[in-house]
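The sequence lines fix the lettering, A, B, ..., with proteins before strands; numbering per chain opens at 1.
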Amino acid sequence: DAKTTQPPSMDCAEGRAANLPCNHSTISGNEYVYWYRQIHSQGPQYIIHGLKNNETNEMASLIITEDRKSSTLILPHATLRDTAVYYCIVRVASGSARQLTFGSGTQLTVLP
Amino acid sequence: EAGVTQFPSHSVIEKGQTVTLRCDPISGHDNLYWYRRVMGKEIKFLLHFVKESKQDESGMPNNRFLAERTGGTYSTLKVQPAELEDSGVYFCASSLLAGVHTDTQYFGPGTRLTVL
């Protein structure tokens, strides 16, 4: 699975959009981009994933560049409860399930 | 629908003792994973079950760790004998059997293990 690079930390004002970047310059054509987050003392929580098209769900939007070498997770209206470590994970799409490889992620702090 | 559950939420044991962690996956999920985070480190994969079979146990640190999933439902992870470096948070995750698209894993709240 391709390696990802994320900034170690970011701040965001409550109510504003939080834009979390991720670089995955070695991504292959059959690899998905997944985002998880871990709120303190809880298990990792799935947020969203995508292959090459932009995706949106009730939690967030995922914007993947045309060359697929980077992506941005957008939380449109961040709240204090969105303070967490956010993980960008690239993982091959295949017919069999596979493990997730977590990096160090981005610590997002939403400020009041 | 109930999520992934883990028991106990916390366990404090002395070095040399045995501890068994339990994970109940989401009903109908064939895939079950164990991960752990030790102090100051990243979350690391331990092993993966498909139903009752071990698909990948490449992340198991040593033979003091034994995972089972009898009947393909809940799983247990036994540490015997526990060492100080086993302290950390143990997470379980489950997912449906993957088809064309890669599977989405859903995590439990974790078991915090402290070995004194």
> How far apart are the closest heavy atoms of A:Leu100 and B:Phe45, and which atoms are they?
Replying inline: O-CB, 4.4 Å
> Which pair of heavy atoms, one from B:Phe91 and one from A:Gln42, lies closest together, and at what distance?
Replying inline: CE2-O, 3.7 Å
> Heavy atoms, side chains only, cut-off 4.5 Å: are A:Ser104 and B:Glu42 in contact?
Replying inline: yes
>> Measuring only between side-chain heavy atoms, which start at C-beta, is A:Phe102 closer than 4.5 Å to B:Tyr35?
In response: yes
> Would B:Trp34 and B:Ile43 show up in the same hydrophobic cluster when neighbours are defined by side-chain heavy atoms closer than 4.5 Å?
Replying inline: no
>> Tell me whether A:Arg16 at atom CZ has more than 12 heavy atoms from other residues, nucleotides or ligands lying less than 6.0 Å away.
In response: no
>> Do A:Tyr46 and B:Phe107 have side chains that approach each other closer than 4.5 Å (heavy atoms only, starting at C-beta)?
In response: no
>> Hydrophobic clusters here meaning ILVMFWY residues chained together by side-chain heavy-atom distances under 4.5 Å, can you tell me if B:Val19 and B:Leu84 are in one?
In response: yes
>> Would you say NZ of A:Lys52 has more than 12 non-hydrogen atoms from neighbouring residues, nucleotides or ligands within 6.0 angstrom?
In response: no
>> Minimum heavy-atom separation for A:Tyr36 and B:Gln105, please, with both atom names.
In response: OH-O, 2.7 Å
> If we ignore angles and hydrogens, is there a donor and acceptor under 3.5 Å between the side chains of A:Arg98 and B:Gln55?
Replying inline: no
> So if you build clusters from Ile, Leu, Val, Met, Phe, Trp, Tyr with side-chain heavy-atom gaps below 4.5 Å, do B:Met60 and B:Phe49 land together?
Replying inline: yes
> Side chain, backbone, both or neither: which part of A:Gln38 has a heavy atom under 4.5 Å from chain B?
Replying inline: side chain
>> Check for me, please, whether B:Val89 and B:Val4 land in the same ILVMFWY cluster - side-chain distances under 4.5 Å, paths through other members count.
In response: yes
> Are B:Leu113 and B:Leu46 connected, step by step, through hydrophobic side chains (Ile, Leu, Val, Met, Phe, Trp, Tyr) whose heavy atoms are closer than 4.5 Å?
Replying inline: yes
>> Rounded to the nearest 0.5 Å, what separates atom OG1 in B:Thr104 from atom CD1 in A:Ile48?
In response: 10.5 Å
> If you measure from CD on A:Gln99 to CG on B:Asp56, what distance do you get to the nearest 0.5 Å?
Replying inline: 5.5 Å
